[in-house]
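As the structure lists them, so they are numbered: ligands from 1, and atoms in each ligand from 1.
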Amino acid sequence: MANNKLVEIKNLTKRFEKLSVLENISIDVPKGENLVVFGRSGQGKSVLLKCIIGLMATDAGKILIKGSDLAMLSIKELNCLRKDIGFLFQGAALYDSMTVRENLEFPIKKHFPEMEQKAIDEKVINTLELVSLEEAIDKMPSELSGGMKKRIGLARSIITDPELMLYDEPTTGLDPITSKEISELIINLQKKLNMTSVVVTHDLICAKIIADRAIFLHDAKIAYQGSLTELTNSTDLFLRNFFSNELVKE
Ligand SMILES: Nc1ncnc2c1ncn2[C@@H]1O[C@H](COP(=O)(O)OP(=O)(O)OP(=O)(O)O)[C@@H](O)[C@H]1O
Ligand SMILES: [Mg+2]
């Protein structure tokens, strides 16, 4: 049974001094699922992703990735597990002083130091093809548009072939059409590469394209969960208010 679950979060609690950001949260993400995480600003969405990748220690509870309890792993084992996890950070900054090629080489060299340059070159080109930006290979980030930067950020986070992708607001700051393109790219990559994803977003267009299931974080709890349609059609006042405000942006 555990084999089917890529991520298992059991009674996770995360506090910053007196501030309780996540309180007794439990979520399972089965292999192949795209889970969308909603919640207002400051409700712990980014913190949740950082806990899943082991960047933030938890105060209580357990996180298992592919059956391994993060708290029980050595730094070396954790780094090894991180090869299987891609993270598109909120803001997804590229390294400004590096070309697109160098930005993409960076995670490969870190996780696969033994890989030969020829194989690295091929991997970089193939990954740029996946995001349709082969022509940007020798450009500097400052020469790219916001949407192009997102696509390169996406390429950089999938270049090590992760099984699990964590996206923190992948479409924020993009116009609706580019946002739709990025969301479609995410879902296509997910299908092509057989990935599982957890996607934090405020963007309903993105969620509609991506979500198999959604959860809504509020007051340190999972306040609601279900299919996107269940959440957006809910008669609950809080949800109606949240989604009607989000819908205005559509
Ligand atoms: N390293 C930290 N130290 C102290 N407090 C933190 C830290 N990281 C996050 N917090 C606090 O935890 C709470 C949740 O932050 P988080 O970044 O997860 O919010 P979010 O839901 O991602 O919001 P947004 O939609 O604005 O990105 C906030 O109150 C934030 O101030
Ligand atoms: Mg955030």
I want to confirm something. Looking only at heavy atoms, which of M56, K45, K50, R15 is nearest to atom 25 (O) of ligand 1? K45
Does any N or O atom in L19 lie less than 3.5 angstrom from one in ligand 1, N or O only? no
Step through the shown structure and confirm whether more than 12 heavy atoms of other residues, nucleotides or ligands are within 6.0 Å of CD on E17. no
Quick check: V21 and ligand 1, any N/O pair under 3.5 Å apart? no
Under 4.0 Å from atom 30 (C) of ligand 1, do we find at least one protein heavy atom? no
Heavy-atom count check: over 12 atoms from other residues, nucleotides or ligands less than 6.0 Å from N194 CG? no
Check the pair T196, N34 against side chain to side chain contact (heavy atoms under 4.5 Å, CB included), reporting the backbone distance first and the verdict last. CA-CA 6 Å; T196 303; N34 295 314; over 6 Å; no
Flag yes if more than 12 heavy atoms outside K62 fall under 6.0 Å of its NZ atom; otherwise flag no. no
Counting heavy atoms only, name the option from G39, G42, C51 that's nearest to atom 14 (C) of ligand 1. G42
Taking only heavy atoms of E169 into account, list the atoms of ligand 1 that are under 4.0 Å away from them. 25 (O), 27 (O)
Neighbour count above 12 (heavy atom, 6.0 Å) for E135 CD: yes
Close-contact set for ligand 1 against H202 heavy atoms, below 4.0 Å: 25 (O)
Within the supplied structure, the quantity of interest is the number of heavy atoms (other residues, nucleotides, ligands) at a distance under 6.0 Å from L19 CG; does it exceed 12? yes
What about the rings of F38 and F243, do their centers lie closer together than 6.0 Å? yes
Could you tell me the residue and atom name of the protein heavy atom closest to atom 27 (O) of ligand 1, and the distance to it rounded to 0.1 Å? Q90 NE2, 2.9 Å
Between the side chains of D121 and Q117, does any donor sit under 3.5 Å from an acceptor? yes
In the protein, which heavy atom is nearest to atom 24 (P) of ligand 1, and how far is it? S41 OG, 3.6 Å
of all protein heavy atoms, closest to atom 17 (O) of ligand 1 is S46 CB, 3.6 Å
Identity and distance of the protein heavy atom lying nearest atom 7 (C) of ligand 1: F16 CZ, 3.4 Å
May I ask you to check if any N/O/S atom from S41 comes under 2.8 Å of the Mg ion (ligand 2)? no
If you measure from each non-hydrogen atom of V47 to ligand 1, which part falls under 4.0 Å: side chain, backbone, both or neither? both
Enclosure of K221 NZ (heavy-atom neighbours >12, cutoff 6.0 Å): yes
